[in-house]
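The next block holds one structure in the form of structure tokens; read it before the comments.
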Amino acid sequence: MSFWEYANPRRFMAFTDRVMGPAFVLAAVALSVGLVWGFFFTPNDFRQGSTVKIIYLHVPSAFMAINIWVMMLVTSLVWLIRRHHVSALAAKAAAPVGVTMTLIALMTGAIWGQPMWGTFWAWDPRLTSFLILFLFYLGYMALWSAIEDPDTAADLTSVLCLVGSVFAFLSRYAVNFWNQGLHQGASLSMDAEENISDVFWFPLLVCLAGFFFLFLALVLMRTRTEIRKRRAHAITLRERAA
Amino acid sequence: MKGLLIRDLRLAIRAGGGFGLALAFFLIVVILVPFGVGPSQGVLAPIAPGVLWLGALLACLLSLDRIFATDFEDGSLEFLATAPVPLEGVVAVKALAHWVTTGLPLTLAAPLFGVFLNLPAGGFGWLVASLALGTPALSMIGAFGAALTVGLKRGGLLLSLLVLPLYIPTLIFGADTVRRGVDGLDAGTPLILMTGITFGTVALLPFAGAAALRVNLR
Amino acid sequence: MPDLGTYAVEVSLAYGVSLLLLVAIVALSVAQARRTKRLLDEAEARWKK
Amino acid sequence: MMEVLLRVADLVCARGGLTVLEGVSFEVSSGSALVLRGPNGSGKTTLLRTLAGLQPAVAGKIFGTDDAVAYAGHADGLKGTLSVVENLTFWGGLFGFGDIAEALEAFHLNDLAARPAQSLSAGQKRRLGLARMLVTGRPIWLLDEPTVSLDAASVELFGQAVRRHLEGGGVAVIATHIDLGIDADVLDLSTFRASTPQGGVFDEAFE
């Protein structure tokens with residue numbers, strides 16, 4: 001039973017029936033343990049004070065925001081090459097979750113940087129690239145909703161996702177180039193996790209797992225919803241045709 | 001293919017709107033800025049490169065949704081699809097026709113508009129160079145966006161939402177080239193990076209655009 | 001409660017809004033799932049008749 | 001035996017994700033025409049667009065249509081601001097087929113030659129749209145309701161043009177309800193209606 005067997009909606013629904021429940025439970029456990037551990041049981045940073053606690057939200061959501069787009073890119077490729085409907089619907093289902101993660105990353109990043117920059121938004125290159133990613137998510141979701149025929153929508157959004165990924169990547173480095181001119185990089189750069197001592201590191205890993213399982217559970221549920229929508233759509237088509 | 005270009009240019013001239021529209025819009029945007037930010041040279045000069053580039057970018061965006069829409073509505077696109085001409089070529093020629101009717105006039109008129117914004121002397125040469133090498137990318141990306149949204153209701157609005165984020169790298173490097181030119185710094189690096197993006201889009205996007213057209217013609 | 005010091009407002013704001021967004025996306029997904037399932041069951045019932 | 005220019009083997013066509021025609025098979029040899037009949041929505045346009053390559057077939061094979069097809073849909077593909085001659089010259093040039101005199105003559109468009117297309121009547125525009133077929137030099141004509149908004153005289157003109165095309169060894173597949181005065185075998189599409197129109201993958205119930 002090759003992996004591609006799950007591309008058949010019926011098998012996918014049966015398989016995810018068993019997986020979705022545990023995924024939600026794992027997400028809930030990991031998230032609560034990670035956040036509580038990080039929020040209550042880790043010391044404040046001597047330089048940043050308690051704002052360091054924001055990494056437990058910012059780093060996982062930023063990580064997920066980027067990787068959900070990569071997942072959408074892969075599923076779009078799978079749709080274009082092997083024409084598996086479930087793959088295209090998974091991409092459509094993942095977009096709102098990706099947009100939420102990007103919003104969380106933006107919001108927590110702005111709050112985290114505020115004490116250091118003096119303002120909530122100082123066009124830091126990393127945060128700005130998340131703002132650009134947010135725009136790409138918006139465009140992607142808008143294109144899905146603008147097209148009636150499901151297959152046409154899947155094809156066009158896949159092409160947009162491919163092209164968009166290249167430009168998102170270009171923007172990521174263009175922003176670095178553009179911001180050097182304004183002021184030297186933030187003293188505490190966003191990728192603070194390199195220089196984090198172990199006491200912060202473990203809760204962060206648990207939070208990361210929590211965010212991942214939450215994404216997994218949400219995208220499985222939303223994909224099932226999309227499959228059901230397509231199924232109902234197919235039935236109404238046949239009723240009209242009969 | 002040459003015939004298609006000549007036909008599109010002739011249509012643009014006959015319609016009268018082609019050349020003038022984008023230029024008029026660009027002029028209006030540039031003139032409005034001082035009313036918004038105040039006339040003092042100290043304010044205008046530093047933002048002149050960015051405003052000129054933004055004006056050119058928005059002027060390009062304005063005429064994008066007409067690239068395929070008229071041909072789609074009157075059935076020419078279907079006939080083109082069955083003609084012995086590659087659809088990728090059609091997308092490239094349409095982008096070229098759009099560039100000739102909008103990108104090129106904007107590039108030539110930009111220095112004049114730069115005067116309105118007190119653009120320092122050092123910037124004029126770089127402004128024309130960056131626009132000349134950047135606007136083809138704007139037309140090509142725009143043609144791809146137009147191919148994606150041809151035939152959709154309210155396609156024009158969706159087109160700008162899809163295309164503007166794709167314009168960001170070109171805008172950043174283009175405006176930065178002019179800014180560095182004004183400050184006397186080395187403006188070659190951003191110019192080369194932007195030109196690289198332009199060559200990349202002109203080489204690859206016709207294929208994505210043609211794929212989108214085939215889907216929309218179904 | 002941990003001593004959040006001078007940035008108590010910021011940290012709690014960050015946590016509050018983030019959790020709000022997470023709850024929102026989960027609630028939205030669950031609501032959509034239920035509504036679609038109901039619509040599908042109705043459609044299937046109609047179709048089987 | 002006349003050479004078969006167009007052959008279709010158990011073709012399956014879909015529209016908007018729903019299968020409309022299945023098991024369509026026919027052959028059209030050079031010099032003959034095929035008229036498609038069937039109620040509205042029976043898939044005439046879908047079949048023609050699939051033959052023209054504008055739409056991928058769900059299944060089945062089509063032989064003889066690469067670079068050999070000229071498809072005239074409901075729209076005439078004319079640019080209003082260009083004159084009759086300019087429109088025809090453009091399409092002729094694109095298909096690499098020089099002279100447009102024959103097309104102008106065939107549809108009595110000579111006296112309208114210099115007029116911009118937008119000033120023509122619906123019937124004249126339709127004649128110009130059909131004149132384009134002559135300019136493509138393509139052997140297989142696919143025509144979808146060609147005689148819409150044509151008066152009797154123009155229908156006769158169109159019939160002559162098609163007859164001349166067939167005598168020249170060409171082939172025509174025409175979806176129409178009226179008699180064009182050419183002997184053509186008829187294909188009734190209702191016999192190929194998809195029995196259970198499946199929506200494809202999303203068809204089996206899985207609750």
Side-chain angles (χ1 to χ4, degrees), chain B residues 1-21 63 66-94 96-98 101 147 150-153 209-218, chain D residues 13-17 45-46 48-58 65-83 85-98 116-118 125-126 128-130 132-133 135-138 140-144:
Chain B
M1 299 308 290
K2 199 161 47 59
L4 183 60
L5 179 63
I6 294 166
R7 182 197 75 157
D8 276 2
L9 293 181
R10 188 178 290 158
L11 282 174
I13 296 165
R14 289 262 173 88
F19 289 85
L21 204 65
S63 50
R66 295 319 305 158
I67 289 182
F68 291 112
T70 40
D71 284 343
F72 183 80
E73 283 141 18
D74 67 25
S76 308
L77 210 53
E78 271 175 0
F79 216 65
L80 274 173
T82 55
V85 183
L87 219 47
E88 289 76 6
V90 170
V91 173
V93 164
K94 286 283 180 182
L96 179 59
H98 176 267
T101 51
V150 71
L152 297 185
K153 49 179 174 23
L213 274 188
R214 279 191 198 90
V215 169
N216 273 320
L217 278 172
R218 269 207 309 252
Chain D
C13 312
R15 182 180 56 223
T45 301
T46 312
L48 284 172
R49 286 177 67 88
T50 310
L51 290 176
L54 292 173
Q55 210 174 302
V58 176
T65 52
D66 333 337
D67 279 342
V69 153
Y71 167 77
H74 300 300
D76 296 327
L78 303 175
K79 288 298 173 187
T81 51
L82 295 182
S83 76
V85 169
E86 281 165 341
N87 268 300
L88 283 181
T89 326
F90 165 67
W91 288 113
L94 206 65
F95 280 81
F97 193 82
Q118 60 200 5
K125 279 193 185 131
R126 193 63 193 160
L128 180 53
L130 294 172
R132 276 182 319 165
M133 309 296 281
V135 168
T136 60
R138 286 284 177 90
I140 299 176
W141 284 7
L142 302 174
L143 302 155
D144 196 351

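Reminder, nothing fancy here: chain letters follow the sequence lines and each chain counts from 1.
There is no contact between D:Arg15 and chain B, counting heavy-atom distances below 4.5 Å. Heavy atoms of D:Asp76 lying under 4.5 Å from chain B belong exclusively to its backbone. Contact of D:Phe95 with chain B is made through backbone and side chain together, with heavy-atom distances under 4.5 Å. Within the 4.5 angstrom heavy-atom criterion, only side-chain atoms of D:Thr136, from C-beta onward, approach chain B. Proximity to chain B (any heavy atom under 4.5 Å) is restricted, for D:Leu78, to the backbone atoms N, CA, C and O. With a 4.5 Å cut-off on non-hydrogen atoms, B:Ile6 does not touch chain D at all. Residue B:Arg218 touches chain D through both its backbone and its side chain, counting heavy-atom pairs closer than 4.5 Å.
Considering all non-hydrogen atoms of both residues, B:Ala147 and B:Asn216 come closest at O-ND2, 2.8 Å. Taking each heavy atom of B:Gly209 and B:Val91 in turn, the nearest pair found is C-CG2, 3.9 Å. B:Arg7 and B:Lys94 make their closest contact through NH2-NZ, 3.6 Å (heavy atoms, listed as atom of the first residue, atom of the second, distance).
With values rounded to the nearest 0.5 angstrom, D:Leu51 atom CG is found 7.0 Å from D:Cys13 atom SG.
Counting heavy-atom pairs closer than 4.5 Å to chain D, the top residue among B:Gly75, B:Gly3, B:Ala83 is B:Ala83.
Without hydrogens or angle criteria, D:Asn87 side chain to D:Lys79 main chain gives a donor-acceptor distance under 3.5 Å. Proximity of a side-chain donor or acceptor of D:Arg49 to a complementary backbone N or O of B:Leu217 within less than 3.5 Å is detected.
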